[in-house]
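All figures in this text were calculated on a predicted structure; none of them were measured in a lab. We use all heavy atoms of the structure for the numbers below, so side chains are in, but hydrogens, waters and symmetry mates are not. In the text below, chain A, chain B and the rest are named by the order of the sequence lines, each starting its count at 1.
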Protein chains: 2
Amino acid sequence: MKTEIAEILKRNQLSVTDSRTSILELFRSSKSALAHADIEKKTSEQFDRVTIYRTLQTFVEKGIVHTIPTADNSVLYALCKDNCSQGHHHDNHVHFICDDCGVTYCLEHISIPNVQVPEGFITKQTDLVMSGQCDKCNA
Amino acid sequence: MKTEIAEILKRNQLSVTDSRTSILELFRSSKSALAHADIEKKTSEQFDRVTIYRTLQTFVEKGIVHTIPTADNSVLYALCKDNCSQGHHHDNHVHFICDDCGVTYCLEHISIPNVQVPEGFITKQTDLVMSGQCDKCNA
DNA sequence: AACACTTTGCAACTTTGTTGCAAAATAAAC
DNA sequence: GTTTATTTTGCAACAAAGTTGCAAAGTGTT
Ligand SMILES: [Mn+2]
Ligand SMILES: [Mn+2]
Ligand SMILES: [Zn+2]
Ligand SMILES: [Zn+2]
């Protein structure tokens, strides 16, 4: 729904533009996390690289998407499904990257367990990323 | 000890060279994880960028150092203290990155808890990275 | 429709990482 | 210790990834 996407943008005090609409639409229709390069390809090179960088940055700031750290050091982005807001993410779920098909899953219903840290340490964020084989590739 | 470092290299079937010796020495004398750029600076630009890339890659392959994924997408490297071997890492510990001083700690004695994955998924690796304030910065 | 404000695309640039190859260094053989 | 075979290094050239300034285009408001 086009209007629904515009709603999300407006709710976050963002003006409704082609690039933002298309990229947000892409995220919503995609089952897995996306890398910058994926977005570039899947929008059929419709937007400038710089615009995509800036759009993703804005979305992360607004709490519309969150980033996923990976072992091979590529940045991945996925929709926030929890109620994240401006500068305040709380996507406390586990991520799984399939080594075979490369798909990254947000395991929304699996939350990151509490981890005890040494005296004096204060934890602000915890990322838990697993990798291996997904159910589709594990034939 | 110079000889000790040479020993480690030989044990891993690596020829003893200046760059490998210096970089390994640097890791052993450093309490925190190092980024490529750190190594470049701390060896006072003694070695070519390419050599550092190749040395790190070799060390990771041999199980001498392991990588740490980070939220801001920079690769960090730290000494393996467990008995990792050629192509078989088992550094099952938590990492902590201080947002204030930037230091990354290997919390060797805190192991990553088991996490249940959905039916059909097979986990091969789990990374758990926390960030916040370390004991030194939490005055 | 006119205006103020925001976003975009382009160009130019920096930073990061990769590859091929000849010269230098290391390890093994003599 | 010298010669030889093998590995490693540095350089150059390149590719990919990310950043910045700025004019032109687009958006939202009156
Ligand atoms: Mn997620
Ligand atoms: Mn570690
Ligand atoms: Zn898969
Ligand atoms: Zn600190």
Side-chain angles (χ1 to χ4, degrees), chain A residues 2-3 5-26 33-62 64-65 67-77 86 102 104, chain B residues 2-3 5-26 33-62 64-65 67-77 86 102 104:
Chain A
K2 209 111 191 174
T3 341
I5 301 229
E7 270 312 307
I8 297 172
L9 292 174
K10 280 177 194 159
R11 194 188 314 144
N12 286 280
Q13 292 122 43
L14 294 174
S15 43
V16 180
T17 67
D18 283 359
S19 45
R20 284 174 184 164
T21 305
S22 298
I23 293 173
L24 188 47
E25 209 160 19
L26 182 60
L34 299 168
H36 175 99
D38 295 328
I39 298 167
E40 219 171 318
K41 276 169 217 147
K42 294 200 183 175
T43 54
S44 32
E45 285 94 3
Q46 205 181 338
F47 308 110
D48 193 86
R49 262 161 23 85
V50 180
T51 302
I52 298 176
Y53 279 117
R54 292 196 270 225
T55 303
L56 288 171
Q57 195 181 298
T58 305
F59 283 0
V60 171
E61 278 163 10
K62 292 291 185 176
I64 299 172
V65 305
T67 57
I68 304 165
T70 72
D72 78 323
N73 235 65
S74 58
V75 210
L76 293 175
Y77 302 86
Q86 172 83 267
T104 299
Chain B
K2 210 113 192 173
T3 340
I5 302 226
E7 271 312 309
I8 298 173
L9 292 174
K10 280 176 193 157
R11 192 187 315 144
N12 286 280
Q13 292 123 44
L14 293 174
S15 40
V16 180
T17 67
D18 283 358
S19 45
R20 284 174 184 164
T21 305
S22 299
I23 294 174
L24 187 47
E25 210 159 20
L26 181 61
L34 300 169
H36 175 99
D38 296 327
I39 297 167
E40 218 169 318
K41 277 169 213 145
K42 294 199 180 173
T43 54
S44 35
E45 285 93 3
Q46 205 182 338
F47 308 109
D48 192 86
R49 261 161 22 83
V50 180
T51 303
I52 298 176
Y53 278 117
R54 291 197 271 224
T55 303
L56 288 171
Q57 194 182 298
T58 305
F59 284 0
V60 170
E61 278 164 9
K62 290 292 184 177
I64 298 173
V65 306
T67 57
I68 304 166
T70 73
D72 78 323
N73 237 65
S74 57
V75 208
L76 293 174
Y77 301 86
Q86 172 83 269
T104 299

Could you tell me whether the side chain of A:Tyr77 reaches within less than 4.5 Å of the side chain of A:Val60, counting heavy atoms only? yes
Whole-Å distance separating the CG atom of B:Leu56 from the P atom of C:dT16: 14 Å
So, do B:Leu14 and B:Thr58 sit near enough that their side-chain heavy atoms are less than 4.5 Å apart? yes
For B:Leu76 and C:dT16, what is the distance between atoms CG and P respectively, to the nearest whole Å? 13 Å
Would you say that A:Ile39 contacts A:Ile23 through its side chain, given a criterion of any heavy-atom pair below 4.5 Å between the two side chains? yes
Keeping the roles fixed (side chain from A:Thr51, backbone from A:Phe47), state whether a donor-acceptor pair exists under 3.5 Å. no
Find out whether B:Leu24 and B:Leu9 are in side-chain contact, i.e. whether some heavy atom of one side chain is under 4.5 Å from a heavy atom of the other. yes
B:Tyr77 OH to C:dT16 P: how many Å, rounded? 13 Å
Reading DNA chain C from 5' onward, which residue's closest nucleotide shows up sooner: B:Gln57 or B:Val16? B:Gln57
Can you check side-chain contact (heavy atoms from CB on, under 4.5 Å) on B:Ser15 and B:Arg20, steps first, answer last? CA-CA 9 Å; B:Ser15 40; B:Arg20 284 174 184 164; 3.4 Å; yes
Could you tell me how far apart B:Leu9 (CG) and C:dA25 (C1') are, to the nearest whole angstrom? 15 Å
Nucleotide by nucleotide, nucleotides 6-18 of chain D touches protein heavy atoms under 4.0 Å in the pattern (B base, S sugar-phosphate only, - none) -SSBBBB----SB
